[in-house]
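Proteins come first, then strands; the chains are lettered A, B, ... in the order of their sequence lines, and each starts at number 1.
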Amino acid sequence: ELKVEQNPLFLSMQEGKNYTIYCNYSTTSDRLYWYRQDPGKSLESLFVLLSNGAVKQEGRLMASLDTKARLSTLHITAAVHDLSATYFCAVDITAASKLTFGTGTRLQVTL
Amino acid sequence: KAGVTQTPRYLIKTRGQQVTLSCSPISGHRSVSWYQQTPGQGLQFLFEYFSETQRNKGNFPGRFSGRQFSNSRSEMNVSTLELGDSALYLCASSHGTAPGTQYFGPGTRLLVL
């Protein structure tokens, strides 16, 4: 059974600081997704990583995938308050739109 | 391009009742997946439909069922509601023929009393 673990579960960071969220998964896959969820809202797609070594960047966020280590990272550079949200990674091993989500990382960026 | 829409957005039911939720995917998308989100269990996959056929099913009891119509719209039904079924139900659509982003709808928040 596929297990997806994220850490940390909660992250409080000051504006301007850098930090990394880690996503480990238990079964080989080259399909890894990152989503953002604001309180009371739905999921917003951030990144789709479909090969070993894939790196995607959007603004202050950068995601990477290492399929051999079964690890994806979401790096936050110079955090701003608007990045406060819960971030989920998700893995698909079926190629049939069945995502297994991590526990989520609640990010709080303080002034 | 219109996004994924879900109706209703909020629902209050009592134990033992049944409920039907609806999801309209993005135009051209043939895959619709359903997820349940609760504080305790997180986001869990319910099932996925592609071209009116269920391709994948999660580990939920038979009280949870779904279907997809020829226009790709999907419904999920929960019979004999239990308190633990209170959750945010999200549907997501994608092309379904190759790995790619699943786009999520706003969700239906179900409260079972």
Side-chain angles (χ1 to χ4, degrees), chain A residues 1-10 21 23-25 27-52 54 56 58 61 63 65 67 72 85-106, chain B residues 3-7 9-10 21 23 25-26 29-51 53-60 66 68 72 74 87-109 111:
Chain A
E1 181 189 346
L2 172 63
K3 300 270 187 213
V4 182
E5 294 182 349
Q6 281 182 243
N7 67 83
L9 297 183
F10 179 74
I21 298 171
C23 174
N24 291 91
Y25 53 98
T27 303
T28 300
S29 174
D30 56 3
R31 291 183 290 276
L32 192 292
Y33 305 82
W34 284 96
Y35 287 88
R36 167 183 171 145
Q37 186 176 40
D38 291 294
K41 304 288 187 181
S42 186
L43 297 168
E44 174 191 353
S45 176
L46 294 174
F47 300 107
V48 180
L49 303 168
L50 299 177
S51 62
N52 185 41
K56 296 275 184 75
E58 180 72 34
L61 301 178
L65 177 62
T67 59
S72 179
T86 299
Y87 294 84
F88 292 94
C89 65
V91 178
D92 180 3
I93 60 171
T94 64
S97 306
K98 177 183 177 180
L99 295 180
T100 299
F101 282 86
T103 49
T105 296
R106 186 176 157 217
Chain B
V4 179
T5 58
Q6 290 186 247
T7 56
R9 295 292 311 278
Y10 304 93
L21 312 181
C23 172
I26 291 171
H29 285 187
R30 293 160 64 190
S31 169
V32 173
S33 300
W34 288 89
Y35 296 85
Q36 180 196 65
Q37 186 175 28
T38 60
Q41 300 298 316
L43 279 154
Q44 294 185 286
F45 173 81
L46 281 155
F47 29 65
E48 184 249 359
Y49 287 86
F50 178 81
S51 292
T53 300
Q54 187 181 88
R55 279 200 305 194
N56 260 303
K57 190 176 188 307
N59 296 324
F60 278 81
Q68 186 179 35
S72 294
S74 177
L88 179 65
Y89 290 89
L90 295 162
C91 81
S93 80
S94 65
H95 288 291
T97 54
T101 301
Q102 286 189 40
Y103 296 90
F104 282 80
T108 294
R109 192 165 293 279
L111 177 62

Which pairs of donor and acceptor atoms, one on a side chain in residues 39-51 of chain A, lie under 3.5 Å apart (sequence neighbours left out)?
unit_1, atom_1, unit_2, atom_2, d
A:Ser42, OG, B:Gly105, O, 2.3

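Within the 4.5 angstrom heavy-atom criterion, no atom of B:Gln44 approaches chain A. Using a 4.5 Å cut-off between heavy atoms, B:Tyr35 contacts chain A through its side chain alone, with no backbone atom that close. No part of A:Glu1 comes within reach of chain B, as not one of its non-hydrogen atoms sits under 4.5 angstrom from that chain. Only the side chain of B:Leu88 comes within less than 4.5 Å of a heavy atom of chain A; its backbone N, CA, C and O stay farther away. Interface remark: B:Leu90 contributes side-chain atoms only to the contact with chain A (heavy atom separation under 4.5 Å). For chain A, the nearby part of B:Ser94 is the side chain; its heavy atoms alone come within less than 4.5 Å.
Counting heavy-atom neighbours within 6.0 Å of B:Phe50 CZ, excluding the residue itself, gives a total above 12. For CZ of A:Arg36, the number of neighbouring non-hydrogen atoms (other residues, nucleotides, ligands) closer than 6.0 Å is greater than 12.
Of all non-hydrogen atoms in A:Leu99 and B:Phe45, the two that sit nearest each other are O-CB, 3.9 Å.
For the atom pair OH (A:Tyr35) and CZ (B:Phe104), the distance works out to 5.0 Å, reported to the nearest 0.5 Å.
For B:Lys57, the side-chain contact (heavy atoms from CB on, under 4.5 Å) partners are B:Gln54, not counting sequence neighbours.
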